[in-house]
Engineer: 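Below are the structure tokens for one structure; questions will follow.
Basis for what follows: all heavy atoms, side chains included, without hydrogens, waters or symmetry-related copies.
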Amino acid sequence: MTEHLTEHAPAPADSVPGSGPEPMATVTFLRPAPAAVPPMPSEPPTVGPDERTVVLETARIILDKPTAPTPEPVVGRVEKVDLDDFDADAPLIPAWMYSAEGWAAWAGVFYRARRRDFRRWVRRQPTQRGHVRQFGRGARRTHEWVVGFEGVRVQSAAHTAHVLTREAKLAARHARFTPRILGTKKELAMKAAEKATKAAEEAVLLHKKAKKDRNRARNLRAGVAYGPPLAAIGTGYAMAGGLGLAAGLLSTFAGGAFVGRKPYDEEADWTSDWRSLGDGDRMTAPMLDQTFRAAKVIGSEETLGVVQMPMLDARGAWTAVLDLPPGVPAKKAIRATDELAAAFGVEEAQVSVAKRGRAGRIELYVSRDLPFTDKAAPGPLLALESPADFWGRISIGPDVRGIHQSISVVERSGLIGGEPGAGKSASGNTILLAAALDPRVILWLADGKGGGDLEPFEHLCERYEGDADPEAFSAILDELLAEMKARYALLKKLGKRKVTEELANKHPELRQLLLWVDELMLYTTDDEHGKKITRKLRNLVSRGRAAGIITFCATQKPGSDVVDTSLRDLLSIRWALRCTTPEASDTILGKGAAASGYSAKTIQSEMRGAGLLWAEGTNPTMVRADYYTDDQVTELIERATEWRRAAGTLPSGPVTLAEQLLKLGDEDAAILAHLLDVFHHDIPDMTADWLPGQVLLDYLKGQGLAVTAERLGALVVRTDEEKAKRPWGEKGSRLSGYPLARVEATITARFGLTA
């Protein structure tokens with residue numbers, strides 16, 4: 001049973017009436033049956049010297065009072081509780097709480113509560129709920145709203161303009177390099193270039209308009225978003241100085257925190273899911289993983305080990321050193337160059353993958369633009385102030401990284417091939433000019449093209465075949481094989497196994513000899529002499545290296561019917577310029593090179609002079625040959641001529657027919673030699689085909705030869721038709737004379753000499 005009991009505690013016995021405060025409070029108890037309850041003290045006890053609190057003292061007094069045992073509840077008697085008896089103004093609040101000590105205790109509780117709140121606030125700041133974070137999110141959301149989505153249109157227009165501009169450049173370049181002799185193709189190329197240029201200009205105008213519209217919308221939203229905060233800050237500073245400035249900043253901070261009060265469920269990324277270098281994105285480790293997965297080089301769950309982080313070099317190209325997952329060889333990445341280029345959004349020629357140090361480590365190089373399309377730098381041979389050293393390394397040209405490459409041709413031979421217009425002549429000049437600038441090198445050249453590309457070197461050659469005559473070239477090879485045999489005989493006599501630089505300097509007959517064959521196809525495909533030439537070349541290449549004979553062949557059609565595999569495999573230096581098919585590239589580099597990722601078919605037409613050079617190392621390297629203009633070639637050949645003349649190695653050149661006749665020591669031969677001279681005497685730049693007999697007699701008399709008309713007629717026997725008179729001189733007098741052809745025929749018939 002519960003009863004409602006209200007008591008008023010009397011004052012303590014030792015208290016003086018009227019001297020203390022009023023009774024503490026009215027205390028209401030809800031308890032079962034009535035019992036004897038010790039009265040509460042009517043005033044707070046005096047605080048003792050131990051400075052204990054009032055609450056503890058009150059509790060002690062209460063506990064010291066004896067209490068009556070609690071009677072058993074009376075069953076069946078329930079007393080109604082009157083709720084109106086409660087004091088609604090101050091329920092359960094002791095009166096001593098209104099004292100000074102009570103107010104101090106209450107203030108201490110408030111201070112500790114505020115201090116705990118401040119600590120919680122400080123701990124909350126680094127979290128997503130922190131006010132600084134909220135302001136940051138608010139500023140970010142405001143900025144995103146100001147930026148808007150118009151940038152998508154601008155980026156799309158920029159990408160379209162970039163692509164069309166690049167296509168217009170390629171079309172214009174194609175039209176420029178298309179020969180006019182092709183006629184219709186030249187016209188179609190020009191029309192395509194004009195169409196591409198017009199489309200590119202329209203795309204650029206659309207891009208400019210999109211940028212203008214985007215800027216207008218952004219400026220309007222920026223005024224709405226940033227205008228009020230700036231106005232509040234400025235107005236506060238103008239009206240209240242520093243205090244107003246602080247108030248404006250605080251209000252701006254509060255507004256930003258309010259906008260960013262809701263955390264992001266997930267970080268928003270407004271960029272594209274697919275990153276592409278072709279669109280101007282940066283190369284990152286996640287991009288590399290994504291790209292190599294798309295190219296099927298690594299699995300969907302595998303990642304690359306980044307040895308050297310992606311970085312831009314001085315040429316603006318991306319380079320990185322990567323470790324492939326365990327079990328994935330470097331050649332798998334090299335074979336996937338096309339797929340990697342497609343994933344990066346660039347051309348195949350812009351991507352270069354090479355093994356770096358070990359089987360599972362690669363070096364990736366991605367150029368920003370198509371390599372080898374800029375103007376070539378002057379070749380290093382122009383800076384030579386002294387003769388070159390063909391025994392040393394020969395400068396070839398820069399690779400895609402801009403690193404200059406050089407090779408050694410000692411005891412080696414080479415093959416250069418590619419389609420017409422790929423730059424074989426310019427590439428071959430790097431080796432030919434280096435050989436010509438070394439006075440110790442003997443030159444034997446054969447021009448199967450017959451177009452005059454090698455003609456400037458003719459006066460530097462010991463043997464020269466420029467008429468594209470397979471029979472004459474076969475005869476030159478016979479002479480060279482005899483020369484090789486003589487060299488080996490001398491080496492055997494000297495007790496040496498091969499020609500060295502020191503040995504060649506002591507014995508001039510063992511100097512390096514370069515055989516250069518341009519357009520090999522014309523010689524090896526000849527029905528009568530082709531197989532013989534191939535067999536002789538194979539013999540020369542296989543055995544001539546130790547004798548100091550170096551052979552280089554160049555051809556426009558590198559097929560198996562042109563370069564026999566038995567000959568190609570002996571040529572240790574391979575230089576594959578642009579080819580139309582992977583099979584043609586393999587003919588130069590070797591079978592399987594294209595399948596391994598090294599195909600000259602990927603070389604673009606704009607990359608003139610660029611090719612895959614396989615001279616040293618385990619893999620071919622993309623190199624562009626040093627380029628020399630026609631004037632520079634002429635200058636270098638003149639320099640080579642001076643150095644060879646000073647060294648005494650300049651060939652004497654072909655002996656004229658007149659000189660051959662004078663060497664015979666015969667009187668009739670001397671008369672015929674002077675007859676040949678008179679045909680060139682009056683007209684130095686050209687040869688006269690017919691001269692009167694009196695002119696010939698007068699010239700011979702002037703040379704101290706007393707020759708009569710009868711003796712001249714007996715020496716040079718003419719036919720009746722050749723004796724016929726012809727008009728001569730200003731008056732047109734008809735005279736009898738001698739044709740040059742009859743004089744040369746007489747020399748051949750009597751002495752067996754030819755011009």
Engineer: Under the side chain to side chain donor-acceptor pair (under 3.5 Å) rule, what do R535 and N539 come out as? Steps first, then yes or no, please.
Structural biologist: CA-CA 6 Å; R535 184 173 62 254; N539 184 12; over 6 Å; no
Engineer: For a side-chain contact (heavy atoms from CB on, under 4.5 Å) check, start with the C-alpha distance between M283 and L277, then their side-chain angles and the critical distance, and finish with the verdict.
Structural biologist: CA-CA 7 Å; M283 180 184 287; L277 292 180; 3.5 Å; yes
Engineer: Using a 6.0 Å distance limit plus a 45 degree cone around the ring axis, check whether R401 lies over the aromatic ring of Y365.
Structural biologist: yes
Engineer: Below 4.0 angstrom, N of the basic side chain to O of the carboxylate: do E194 and K198 qualify?
Structural biologist: no
Engineer: Is the shortest side-chain N to carboxylate O distance from R624 to D374 below 4.0 Å?
Structural biologist: yes
Engineer: How about R538: does its CZ atom have over 12 heavy atoms from other parts shown lying under 6.0 Å from it?
Structural biologist: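 Buried by this count: over 12 neighbours within 6.0 Å.
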Engineer: What is the minimum heavy-atom distance between L304 and D289, and which atoms define it?
Structural biologist: N-OD1, 3.0 Å
Engineer: I need the I394 CD1 to S406 OG distance, nearest 0.5 Å.
Structural biologist: 9.0 Å
Engineer: If I take atom NZ from residue K209 and atom CZ from residue R153, how far apart are they, to the nearest 0.5 angstrom?
Structural biologist: 5.0 Å
Engineer: Quick check: are there more than 12 heavy atoms from other residues, nucleotides or ligands sitting under 6.0 Å from CZ of F177?
Structural biologist: yes
Engineer: At what distance, to the nearest 0.5 angstrom, does CD1 of I407 lie from OG1 of T621?
Structural biologist: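 So the CD1 of I407 and the OG1 of T621 are separated by 11.5 Å.
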Engineer: Should the pair R221-E150 be classified as a salt bridge under the 4.0 Å nitrogen-to-oxygen rule?
Structural biologist: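 Salt bridge present between R221 and E150.
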Engineer: Which atom pair, heavy atoms only, marks the closest approach of S585 to Y598?
Structural biologist: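 Minimum heavy-atom contact is OG-O, 4.0 Å.
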Engineer: Which pair of heavy atoms, one from A388 and one from A434, lies closest together, and at what distance?
Structural biologist: CB-O, 3.9 Å
Engineer: For the atom pair CG (L589) and CH2 (W575), what is the distance rounded to the nearest 0.5 Å?
Structural biologist: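 It comes to 12.5 Å.
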Engineer: For a quick test of reading the model, state the closest non-hydrogen atom pair linking I298 to P325 and the distance between them.
Structural biologist: CG2-CD, 3.4 Å
Engineer: Check this for me, if you would: do E339 and K296 make a salt bridge, where the nitrogen-to-carboxylate-oxygen distance has to be below 4.0 angstrom?
Structural biologist: no
Engineer: Is it the case that H404 and S395 place a side-chain donor and acceptor less than 3.5 Å from each other?
Structural biologist: yes
Engineer: Check the pair W391, V410 against side-chain contact (heavy atoms from CB on, under 4.5 Å), reporting the backbone distance first and the verdict last.
Structural biologist: CA-CA 6 Å; W391 285 94; V410 178; 3.8 Å; yes
Engineer: Are any non-hydrogen side-chain atoms of I362 and K355 less than 4.5 angstrom apart?
Structural biologist: no
Engineer: Grab the two heavy atoms, one from V351 and one from T337, that are nearest each other, plus how far apart they are.
Structural biologist: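 Scanning both residues, the minimum pair turns out to be O-CG2, 3.8 Å.
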Engineer: Are the charged groups of R358 and D323 less than 4.0 angstrom apart, N to O?
Structural biologist: yes
Engineer: Would you say R497 has more than 12 foreign heavy atoms packed within less than 6.0 Å of its CZ?
Structural biologist: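 12 or below, so no.
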Engineer: Nearest 0.5 Å, please: how far is NZ in K424 from CG in D453?
Structural biologist: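 The distance works out to 9.5 Å.
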Engineer: Is the ring pair W121/H131 parallel, tilted or perpendicular, if the boundaries are 30 and 60 degrees?
Structural biologist: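 Tilted, since the angle between the ring planes falls between 30° and 60°.
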Engineer: Quick one: closest heavy-atom pair of A349 and L370, and the distance?
Structural biologist: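 Here A349 and L370 meet closest at CB-CD1, 3.9 Å.
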Engineer: When rounded to the nearest 0.5 angstrom, what is the spacing between CG in D338 and OG in S599?
Structural biologist: 8.0 Å
